[in-house]
Amino acid sequence: MAHVWTGIIREYMDRMPFDADDRIVSLGEGGTPLIHAATISSMVGAEVFVKYEGMNPTGSFKDRGMTSAITQVVKDGDHTVVCASTGNTSASAAAYAAHAGLKCVVMIPQGKIAAGKMAQAIVHGAKLVQVDGNFDECLDIVRALSEDYPVALVNSVNPYRLQGQKTAAFEIVDQLGDAPDIHMLPVGNAGNISAYWMGFNEYADAGLATKRPKIWGLQAEGSAPFVQGHPIKDPETIATAIRIGKPASWDLAIAARDESGGWIRAVSDDAILRAQAMLAADVGVFVEPASAAPIAGLLAASAAGEVPKGATITCTVTGNGLKDTATALGGREVDPEVIPVDVAAAAQALGL
Ligand code: F0G
């Protein structure tokens, strides 16, 4: 009989801070595909796989962290969760809060989150407030709120978030049979890079992987505090998910970079959009712009002759392209020809 996936907490219960008696809040997150990218592999001379996190219940990797964060909130007996977000965290928090019967309140940077993500938070019943500021300022507000009011913070500064998100590294090792040589992912608030490093280490320490990957992180050029070496005040990028200047998990991300012998670099918005189009057209995976940053970074590393021949490289593509169709379609023909109900006209229009 096929194994039916039960969500990351139940699947990895022995490595999670919960036990079978806990009321687990799950929408079946995790168990996402690791897809071989043949064209990109031959372009860079390595074996490249994408971990398709857009397949999660709300369309991003945040669900891995939200199942564990919200499970703990329920355990603690809290009734309201709060988060700041560039869109995906709020979509996920709203969905898991709805499932658990909790209230959810969200601070977002005004006009800077993709329409699909905004729709998710609204339809899941969250109370949304736009802030005339950026994500970093929204995070400052919700941190203060969680100290002074009875609301539980579910941003990745909540340690239960990283506990859930580390399971993506477990899955990659389980899917490949060992750790990859290099793991690549976008870096924004820096929770995920920290969680992956935790997960790869945990598996290696337990003897479930023979090695630990180098971690290669990617930021957008206009929002690259790790590349600059300090927080930046006015981050800007088309990849709004990672439009972040003051990452909360700064030290953990630096540790992931340095202990793994990896790096964190930046790619331009144009390179991100080209990589997004390539993933869609060559791999069949539609991602949001931030998620394409690792592929843009991989192509740049390859052009610089820095990709080891034949290496196994995994790239987390963090969010689903359906969340932000406006950016993906920008500059494209979106008004296909209209024809009468006629086979000959169809054949002609299609150039057959
Ligand atoms: N990719 C996507 C699609 C994201 O939504 C985020 C973060 C990241 C990458 C970066 O991950 O913050 O752990 O370094 N989005 C957060 C949000 C900030 O509010 O949805 P990170």
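Values in this document were obtained by computation on a predicted structure and should not be read as measured data. Just so it is clear, the values below take in all heavy atoms, side chains as well, and ignore hydrogens, waters and symmetry mates.
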State which residues pass side-chain hydrogen bond (donor to acceptor under 3.5 Å, both in side chains) with Q276; sequence neighbours excluded, sorted by chain then number.
-> none
Residues forming a ring pair (Phe, Tyr, Trp, His ring centres under 6.0 Å) with F286, sequence neighbours excluded | none
Check Y196, F170, W197 against Y203 for a ring-ring contact (aromatic ring centres under 6.0 Å, His included) and give me the one that passes.
-> F170
Could you name each residue pair satisfying salt bridge (Lys or Arg N to Asp or Glu O under 4.0 Å) that touches residues 112-124, not counting sequence neighbours?
-> K112-E236, K117-E288
Residue pairs involving residues 57-69 (criterion salt bridge (Lys or Arg N to Asp or Glu O under 4.0 Å); sequence neighbours excluded) | E53-R64, R64-E171
Residues pairing under ring pair (Phe, Tyr, Trp, His ring centres under 6.0 Å) where one sits in residues 240-279, two or more places apart or in two chains, turn out to be W216-W263, F226-W250
Could you give the side-chain donor-acceptor pairs of residues 326-339 under 3.5 Å, partners two or more places apart or in another chain?
| residue | atom | partner | partner atom | Å |
| --- | --- | --- | --- | --- |
| T327 | OG1 | D324 | OD1 | 2.9 |
| T327 | OG1 | D324 | OD2 | 2.8 |
| R332 | NE | A328 | O | 3.3 |
| E333 | OE2 | D335 | N | 3.1 |

So salt bridge (Lys or Arg N to Asp or Glu O under 4.0 Å) across residues 195-216, not counting sequence neighbours, yields R15-E202, K166-E202, D181-K211, D205-R212
Across all chains, not counting sequence neighbours, the side-chain hydrogen bond (donor to acceptor under 3.5 Å, both in side chains) partners of N320 are none
Would you please name every residue forming a ring pair (Phe, Tyr, Trp, His ring centres under 6.0 Å) with F61, sequence neighbours left out?
-> none
Quick one: list whatever passes salt bridge (charged side-chain N to carboxylate O under 4.0 Å, His left out) with R265, sequence neighbours left out.
-> E306
Does T240 have any side-chain hydrogen bond (donor to acceptor under 3.5 Å, both in side chains) partners at least two apart in sequence or in another chain, and if so, which?
-> none
side-chain hydrogen bond (donor to acceptor under 3.5 Å, both in side chains) pairs touching residues 118-133, sequence neighbours excluded, are Q120-K323
Please determine, by modelled atom types, if T318 and S291 share a side-chain donor-acceptor pair under 3.5 angstrom.
-> yes
